[in-house]
Amino acid sequence: MSDDIVVDIKDLSVTFTGGRGDVTAVDGVNLQVKRGEVVALLGESGSGKSVTLRSLLRLHPEKRSRMSGSMTVLGQDVMALKGAALTGFRGKTVSMIFQEPLLALDPVYTVGAQIAEGIRKHEPEVSRAAAEARALDALKRVRIPSPERRMKAYPHEMSGGMRQRAMIALALACNPQVLLADEPTTALDATVQIQILLLLRELQRELGLSVIMVTHDIGVAVEVADRIAVMYAGRIVETGPVRDVIRNPSHPYTRGLLAFRAHGAMKGARLDAIPGAPPDLAHLPPGCAFAPRCKNADESCDAVRPEPVTLGPEHWARCLKLAQAAE
């Protein structure tokens, strides 16, 4: 593996078991993240983005899930980590900004106490006073107003934007090298969303972080990412540098997402929505999962599972029509 590759995911599959039988939420995902790179996982709800993200921290319940494939972070085999090694990996090597900070933060402890506790958990040699000083520095880094006062505040006493900043401070407190962000601007108003995105991008560049960000908004991906991976029904259907994917969207699902964004931005324009709904992951068709919603699909799309077609440097898409055109 190249020294420039920080995260290397190969053929990752995640299957959940339950009353409906087995559901494969992630199906053969391959993804690499370079040092200092921001990769956006883009797609509708239920496409497997958050499941992929949580897999890197091994957060799925072991009794109700099965994982296969390989995941390495900075040369560490994530699948092989157990006990104290896995605990140390979470938050120290790889950290995560969760989608809803009000649920992720403990309601009975102050924000400052939670950040300081995380520091002492990973660095037990640090004194309580030093951990609290670092927690205050972390809040200052994310530009929370009156950080000394916010240290003593409980999560419910803070606005949504400040809670999200506190969540970012907590995620960065132990100086991780990889940051996972699961829709970090969900439920925030537009002005605060922009502030949080700009803050994340600035911190990423300042600290040299490798970032994987989950989003359903292609506008967010364009603003913050270096590379986009479009997911549908548990698979990456197109990936490439942001400029290449935006200028030459090749999978019909990617084109649909871009068209919806473009038309939706025009006042009074009719929304050009993708017809239908995402498939039931427990009963996927044998061929292309997007075929039932694709206006260009034919019988072969229903029967043949598409393989990646190379479109340019680091740019490929899974579409049978692309493969036929390339022949």
Side-chain angles (χ1 to χ4, degrees), residues 6-7 35-38 53-54 56-57 59 73-74 86-188 192-214 224:
V6 175
V7 178
R35 194 175 305 277
E37 182 181 39
V38 180
L53 217 61
R54 288 170 175 265
L56 269 172
L57 287 176
L59 294 178
V73 177
L74 294 167
L86 180 58
T87 301
F89 174 80
R90 295 168 173 163
K92 183 66 175 175
T93 303
V94 179
S95 194
M96 186 166 179
I97 302 170
F98 291 92
Q99 185 172 357
E100 180 44 75
L102 189 59
L103 299 178
L105 294 169
D106 195 317
V108 301
Y109 293 98
T110 64
V111 166
Q114 293 183 61
I115 298 174
E117 181 188 13
I119 293 170
R120 297 195 72 204
K121 179 72 174 179
H122 291 288
E123 302 173 43
E125 71 280 3
V126 176
S127 68
R128 184 174 300 277
E132 289 175 352
R134 281 177 55 179
L136 179 59
D137 288 340
L139 292 178
K140 290 178 179 178
R141 177 189 285 172
V142 298
R143 300 181 187 85
I144 280 188
S146 305
E148 292 84 1
R149 186 156 58 92
R150 301 303 173 191
M151 279 278 292
K152 301 175 183 179
Y154 292 90
H156 71 272
E157 296 177 314
M158 305 173 79
S159 68
M162 279 197 287
R163 277 197 299 268
Q164 195 61 280
R165 287 175 186 267
M167 185 79 246
I168 296 170
L170 177 61
L172 298 179
C174 293
N175 302 311
Q177 297 186 59
V178 178
L179 181 64
L180 311 178
D182 189 1
E183 301 208 40
T185 59
T186 296
L188 300 177
V192 178
Q193 281 188 22
I194 293 171
Q195 292 173 356
I196 295 297
L197 290 174
L198 291 175
L199 174 65
L200 278 173
R201 189 56 161 162
E202 184 177 334
L203 290 172
Q204 180 270 327
R205 288 171 174 165
E206 177 187 330
L207 302 174
L209 295 167
S210 299
V211 178
I212 306 177
M213 177 181 289
V214 161
V224 302

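Values below: every heavy atom of this structure, side chains too, minus hydrogens, waters and symmetry copies.
- Not counting sequence neighbours, the partners of Glu123 by the side chain to side chain donor-acceptor pair (under 3.5 Å) test are Lys92, Arg134.
- When atom types are taken as modelled, the side chain of Gln114 and the backbone of Asp106 share a donor-acceptor pair closer than 3.5 angstrom.
- Here the closest heavy-atom approach between residue Ala153 and residue Glu157 is recorded as CA-OE1, 3.4 Å.
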Next item on the list: Check the pair Lys140 / Glu148 against side-chain contact (heavy atoms from CB on, under 4.5 Å), numbers first and verdict last.
Entry: CA-CA 9 Å; Lys140 290 178 179 178; Glu148 292 84 1; 3.8 Å; yes
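- The minimum heavy-atom distance between Cys174 and Gly91, with the atom names listed, is CB-O, 3.5 Å.
- At least one donor-acceptor pair under 3.5 Å links the side chain of Thr110 to the backbone N or O of Ala113.
- Side chains of Leu139 and Val111 form a contact here, defined as non-hydrogen atoms less than 4.5 Å apart.
- Considering only heavy atoms from C-beta on, Phe98 stays 4.5 Å or farther from Asp182 through its side chain.
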Next item on the list: Carefully, step by step, assess Leu74 and Arg35 under the rule side-chain contact (heavy atoms from CB on, under 4.5 Å).
Entry: CA-CA 10 Å; Leu74 294 167; Arg35 194 175 305 277; 4.1 Å; yes
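- Shown here for Ala169 and Ile115, the closest heavy-atom pair between the two residues is CB-CD1, 4.1 Å.
- In this structure, Ala116 and Ala135 approach most closely via the heavy-atom pair N-CB, 4.0 Å.
- The pair Arg143-Glu202 counts as a salt bridge, with a side-chain nitrogen and a carboxylate oxygen less than 4.0 angstrom apart.
- For the side-chain contact (heavy atoms from CB on, under 4.5 Å) with Met96, the qualifying choice from Leu180, Leu170, Leu179 is Leu180, the only one to do so.
- Residues Leu56 and Val178 are not in side-chain contact: their nearest non-hydrogen atoms beyond the backbone lie 4.5 Å or more apart.
- One finds the CD atom of Gln193 at 11.5 Å from the CG atom of Leu198 (value rounded to the nearest 0.5 Å).
- The closest donor-acceptor contact from the side chain of Gln164 to the backbone of Pro184 lies under 3.5 Å.
- Side-chain contact between Val94 and Pro176 is absent, with no heavy atoms from C-beta onward closer than 4.5 Å.
- Atoms CZ and CG, from Arg165 and Leu199 in turn, are 5.5 Å apart once rounded to the nearest 0.5 Å.
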Margin query: Determine whether Val38 and Ile212 satisfy the following criterion, side-chain contact (heavy atoms from CB on, under 4.5 Å), listing intermediate values before the conclusion.
Written below: CA-CA 6 Å; Val38 180; Ile212 306 177; over 6 Å; no
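- In the displayed structure, Glu100 atom CD is contacted under 6.0 Å by more than 12 heavy atoms of other residues, nucleotides or ligands.
- With Arg163 contributing its side chain and Met158 its backbone, the two residues share a donor-acceptor pair below 3.5 Å.
- When side chains are defined from C-beta on, Ser127 does not count as touching Glu132, because their heavy atoms never get closer than 4.5 Å.
- Summarising the geometry, atom CD1 belonging to Ile144 is positioned 10.5 Å from atom CE belonging to Met151; distances are rounded to the nearest 0.5 Å.
- For the atom pair OG1 (Thr93) and CD (Gln177), the distance works out to 7.0 Å, reported to the nearest 0.5 Å.
- Considering CZ of Arg201 and CD of Glu206, their distance stands at 13.5 Å, rounded to 0.5 Å.
- Distance check: Leu207 CG to Asn175 CG gives 7.5 Å after rounding to the nearest 0.5 Å.
- Listed for the Arg120 side chain is a donor-acceptor partner under 3.5 Å among the backbone atoms of Val126.
- Residues Leu105 and Tyr154 fail the side-chain proximity criterion, which asks for heavy atoms closer than 4.5 Å.
- With hydrogens and angles disregarded, a donor-acceptor distance shorter than 3.5 Å links the side chain of Ser210 to the backbone of Gly36.
- The backbone N or O of Leu102 lies less than 3.5 Å from no partner atom in the side chain of His156, so there is not a single donor-acceptor pair.
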